[in-house]
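Along the sequence shown, residues carry numbers from 1. Note that the structure is predicted; figures quoted are calculated from it, not measured.
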Amino acid sequence: MTESERTESEAPAGWAAGAVREPRGRGRLFDAAVRAYLERHPEATVVALGEGLGTGFWRLDNGRLTWLTVAPPKTAAARRMLLPDGARRRTVARAVTDHAWLDAVPEPWRGVVVTAPGVLMRLPPPAVRALLAACAERFPGGVLLFDALPGRATALAMRTAAAGGRRTAPCWGLDRAQLPRVACLHPGIVAVREIGPEPAVPGGAAAGGLWSRLVWRGRRVPVLREWAPLVCEVRFAAAGSPRAVPPGALRQR
């Protein structure tokens, strides 16, 4: 292994080993879905929307993938200072709603998996639809992973934020019964499914501990399930498929 390869694969200098340990809860579901996609497309590009100072690259790197972090300019500048770009990873200073970041994906035909934890729920519904449509057109054969709160939980979070004077709050909710509607947002979307929930491993706090076990059991109770967050995978039509839509084709009609 060369010095550049060793530096690329190791955790950033000065970061504790715990900083890149396996995440808990929903983060574990995102990681598992990314790994599953990389097994089928080992040279794919992972696009991490709103990652901030996350260290997903060092958790999920298979030695062949390309990693793209999309973050607002100020956050991107801080990330570049603490986590400088490497041969297979870089940071793009763009807002999620500025679709110019899609142009930064080098070879989408090798596969693209977009991760958006905590992102879509904070976008207005038109922005969510526009983002899904753009990815469906530009990333054939790719997937987008996101999490969302059910409608009741979203409404409660909005009221709580308004009462507390907070500016940021979830503004887009999704009930499990509405998943088929997401598949109808664009002809290039071929499937939408909920991932998990992943059962907690009995015993170890590293596997989620008491909270993880409570959430897992709570999802089996219909009343509690209506409030539990969900993690979803949106799958886009493969290139050459009758469902695949060239970029801009719908806008030209």
Side-chain angles (χ1 to χ4, degrees), residues 22-37 40 46-50 56 96-97 112-136 139 141-162 168-202 207-237 243:
E22 290 294 314
R24 298 181 180 182
R26 280 174 281 177
R28 295 171 61 202
L29 297 179
F30 276 92
D31 279 11
V34 172
R35 289 190 178 103
Y37 187 84
R40 304 189 301 271
V46 180
V47 181
L49 301 181
V96 171
T97 52
V112 179
V113 51
V114 182
T115 66
V119 174
L120 268 60
M121 67 175 68
R122 289 179 169 80
L123 298 179
V128 173
R129 293 192 292 267
L131 177 61
L132 291 174
C135 290
F139 303 144
V143 300
L144 184 146
L145 309 171
F146 71 93
D147 55 352
L149 294 175
R152 290 185 179 181
T154 299
L156 177 61
M158 293 177 67
R159 291 195 299 268
T160 303
T168 59
C171 55
W172 179 71
L174 182 69
D175 293 325
R176 288 170 173 81
Q178 296 176 319
L179 289 178
R181 297 185 184 180
V182 177
C184 296
L185 292 178
H186 190 278
I189 298 176
V190 295
V192 180
R193 70 182 183 94
E194 181 180 3
I195 302 173
E198 184 179 35
V201 178
L210 177 61
W211 174 250
S212 181
R213 292 194 292 272
L214 289 176
V215 170
W216 167 246
R217 292 170 181 169
R219 287 173 186 258
R220 300 180 178 181
V221 181
V223 175
L224 297 180
R225 184 175 170 82
E226 294 181 3
W227 293 86
L230 58 161
V231 178
C232 300
E233 178 188 77
V234 181
R235 187 160 56 89
F236 305 126
R243 295 286 299 274

* For the atom pair CZ (Phe30) and CD (Glu233), what is the distance rounded to the nearest 0.5 Å? -> 11.0 Å
* **Side chains of Leu174 and Leu120 in contact at under 4.5 Å (non-hydrogen atoms)** => no
* Value rounded to 0.5 Å, distance of CZ in Arg129 from CG in Leu185 -> 7.0 Å
* Shortest non-hydrogen contact from Ala148 to Trp172? -> CB-CZ3, 4.2 Å
* Mind listing the closest non-hydrogen atom pair of Val112 and Tyr37 along with its distance? => N-OH, 3.1 Å
* To do: Report yes if the side chains of Pro117 and Arg26 come closer than 4.5 Å at any heavy-atom pair, otherwise no.
  => no
* Rounded to the nearest 0.5 Å, what's the gap from CG on Leu144 to CG on Leu49? Could you check? => 7.0 Å
* Is there a donor-acceptor contact under 3.5 Å from the side chain of Asp147 to the main chain of Gly118? -> yes
* To do: Would you give the length of the straight line joining atom CD1 of Ile195 to atom CZ of Phe146, rounded to the nearest 0.5 angstrom?
  => 9.0 Å
* Taking atom CZ of Arg176 and atom SG of Cys232, what is their separation to the nearest 0.5 Å? -> 8.0 Å
* Can you find a heavy atom in the side chain of Val113 that is under 4.5 Å from one in the side chain of Leu145? -> yes
* Could you tell me the separation between the CG atom of Leu230 and the CD atom of Gln178, rounded to the nearest 0.5 Å? => 10.0 Å
* What's the verdict on side chain to side chain contact (heavy atoms under 4.5 Å, CB included) for Glu194 and Leu179, showing C-alpha distance, side-chain angles and the deciding distance? -> CA-CA 8 Å; Glu194 181 180 3; Leu179 289 178; 4.2 Å; yes
* **Closest non-hydrogen atom pair, Pro229 against Leu149** => CB-CD2, 3.8 Å
* Under the side chain to side chain contact (heavy atoms under 4.5 Å, CB included) rule, what do Ile189 and Phe236 come out as? Steps first, then yes or no, please. => CA-CA 5 Å; Ile189 298 176; Phe236 305 126; 4.1 Å; yes
